[in-house]
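Presented below is the structure to which this report refers.
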Amino acid sequence: MLEVSNLGVRYGRHVALEGISTQISKGEICVILGANGAGKSSLLGAIAGLVGKESGSRVVMNGKDVSGLEAHLIVEEGIALVPEGRGIFGDFTVAENLRIGAHASRAKANAAKTLAFVYDLFPRLAEREEQLAQTMSGGEQQMVAIGRALMSKPDILMLDEPSLGLSPLLSKNLFKSLATIAAEGIGILLVEQNARLSLKTADRGYLIETGRIVGEGAAAELLHDPTVERAYLGGA
Ligand code: ATP
């Protein structure tokens, strides 16, 4: 469904990403692991059209080359990003934030059905529809951010550090929700610090070091790979 090939990002003279290739299928969960500054956020931003790509980078979505499209047109092609820090509108209510997500033309016709799915996934959002987003707890704000992205009816949902700042229990619940979303056929590409939890949920993983993919494999195998254990899982 999503195919990325030879993707590169450069900030001035600094090469942040080089020669990145990956693909995500329908309903698949794929996690990208890497140290701070490895280029994980740049990768999601580049796919979403928010960060400029080097010429020769290709992003193909459902068979269409979307490499040169602006961010809002990439959303129309079915790619949604939940950015690090969530990026929700604090002064707007939960319901308003969700409505903003349904702005894409691909989403409008089915907005009521999608909203029912979001409320089913996160009942707390239905209970707090009229509450200002900024007064929600961290975990609830993450639900708003994911709900808003889902309202655009994506085929691919990308999440940048979704468990950041959440308690272990909330993180676990969050990953359960991601599995439910994937079961709907949505492909998930996520960047995570919590390597253990994300590899337990994901189907596949990629390891990024200084802008390059240095390893990839089935999540279950990565979870037991000694190099991964040392670098990302805190020891043997
Ligand atoms: P973290 O987990 O710390 O957020 P990351 O893996 O997501 O890291 P990126 O944020 O993608 O890494 O950054 C990759 C590299 O590019 C870093 O060295 C960073 O300093 C640099 N970088 C990112 N954004 C810019 C920018 N706008 N201008 C210049 N350099 C940047």
Side-chain angles (χ1 to χ4, degrees), residues 29 31-32 40-51 70-108 110-182 184 186-194 197-198 201:
I29 303 181
V31 61
I32 296 168
K40 307 178 301 293
S41 300
S42 299
L43 175 59
L44 299 192
I47 295 171
L50 296 166
V51 169
E70 285 174 35
H72 70 281
L73 294 175
I74 289 183
V75 174
E76 293 290 358
E77 296 299 332
I79 302 176
L81 171 66
V82 179
E84 188 174 353
R86 300 163 192 142
I88 59 175
F89 299 102
D91 290 343
F92 288 16
T93 65
V94 169
E96 284 165 345
N97 269 280
L98 295 178
R99 264 202 297 280
I100 291 166
H103 186 70
S105 4
R106 66 182 272 120
K108 278 183 183 150
N110 288 314
K113 207 169 143 205
T114 314
L115 185 65
F117 171 70
V118 169
Y119 281 166
D120 201 38
L121 185 67
F122 300 125
R124 178 62 57 89
L125 298 188
E127 291 160 25
R128 305 292 180 90
E129 259 191 333
E130 296 310 319
Q131 189 170 325
L132 288 185
Q134 68 196 4
T135 64
M136 302 282 274
S137 72
E140 291 166 345
Q141 289 191 19
Q142 191 56 269
M143 294 175 199
V144 175
I146 296 172
R148 190 183 59 181
L150 287 173
M151 289 303 291
S152 72
K153 208 77 185 86
D155 290 328
I156 294 280
L157 180 68
M158 301 194 294
L159 303 106
D160 196 345
E161 307 274 6
S163 80
L164 202 69
L166 301 188
S167 70
L169 178 63
L170 284 177
S171 301
K172 218 169 157 185
N173 289 340
L174 170 80
F175 275 87
K176 272 192 204 151
S177 307
L178 296 184
T180 307
I181 294 168
E184 287 294 303
I186 298 174
I188 296 181
L189 177 60
L190 83 148
V191 158
E192 250 300 329
Q193 293 281 346
N194 192 331
L197 187 56
S198 53
T201 311

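What's counted below: heavy atoms across the whole structure, side chains too, no hydrogens, waters or symmetry copies.
- With a 4.5 Å cut-off on side-chain heavy atoms, Ile79 and Met158 count as touching.
- When all heavy atoms of Ser177 and Leu121 are compared, the pair lying nearest together is O-CD1, 3.9 Å.
- Residues Ala80 and Ala149 share a closest heavy-atom pair of CB-O, 3.8 Å.
- Residues Glu140 and Arg128 approach most closely at OE2-NH1, 4.0 Å, considering heavy atoms.
- Side chains of Ile146 and Gln142 form a contact here, defined as non-hydrogen atoms less than 4.5 Å apart.
- Here CD of Glu127 is found 11.0 Å from OH of Tyr119. Values are rounded to the nearest 0.5 Å.
- Atom NZ of Lys153 sits about 8.0 Å away from atom CG of Asp155, to the nearest 0.5 Å.
- Between Asn97 and Ala133, the closest heavy-atom pair is ND2-CB, 3.4 Å.
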Can you list the steps and then say if Glu84 with Leu164 is a side chain to side chain contact (heavy atoms under 4.5 Å, CB included)? CA-CA 8 Å; Glu84 188 174 353; Leu164 202 69; 3.6 Å; yes
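- At least one side-chain heavy atom of Leu190 sits less than 4.5 Å from a side-chain heavy atom of Leu178.
- Remark: the Ser163 side chain and the Gln193 side chain contain no N/O donor-acceptor pair separated by less than 3.5 Å.
- Minimum interatomic distance between Val75 and Ser152 (heavy atoms only, all atoms of both residues): CG1-CB, 3.8 Å.
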Test Thr93 against Glu129 for side chain to side chain contact (heavy atoms under 4.5 Å, CB included), laying out the working first. CA-CA 7 Å; Thr93 65; Glu129 259 191 333; over 6 Å; no
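- Between Phe122 atom CZ and Asn173 atom CG the span is 10.0 Å, to the nearest 0.5 Å.
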Give the intermediate values and the outcome of side chain to side chain contact (heavy atoms under 4.5 Å, CB included) for residues Leu189 and Ile47. CA-CA 11 Å; Leu189 177 60; Ile47 295 171; 3.8 Å; yes
Intermediate values then yes/no, side chain to side chain contact (heavy atoms under 4.5 Å, CB included), Met136 and Leu125: CA-CA 10 Å; Met136 302 282 274; Leu125 298 188; 3.9 Å; yes
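- Across all their heavy atoms, Leu159 and Ile188 have their closest contact at CD1-CG2, 3.6 Å.
- For the atom pair NZ (Lys172) and CG (Asn194), the distance works out to 11.5 Å, reported to the nearest 0.5 Å.
- Under the side-chain contact (heavy atoms from CB on, under 4.5 Å) rule, Val82 has a single partner from Val144, Leu150, Leu157, Ile88, which is Leu157.
- Of the possible polar contacts, none joining the Glu184 side chain to the Ile186 backbone as a donor-acceptor pair under 3.5 Å is found.
- Distance NE2/His103 to NE2/His72: 8.5 Å, rounded to 0.5 Å.
- Here the options are Lys113, Arg148, Met151, the test is side-chain contact (heavy atoms from CB on, under 4.5 Å), and the partner is Val118; only Met151 passes.
- Annotation: the span from Leu98 atom CG to Phe92 atom CZ amounts to 13.0 Å, rounded to 0.5 Å.
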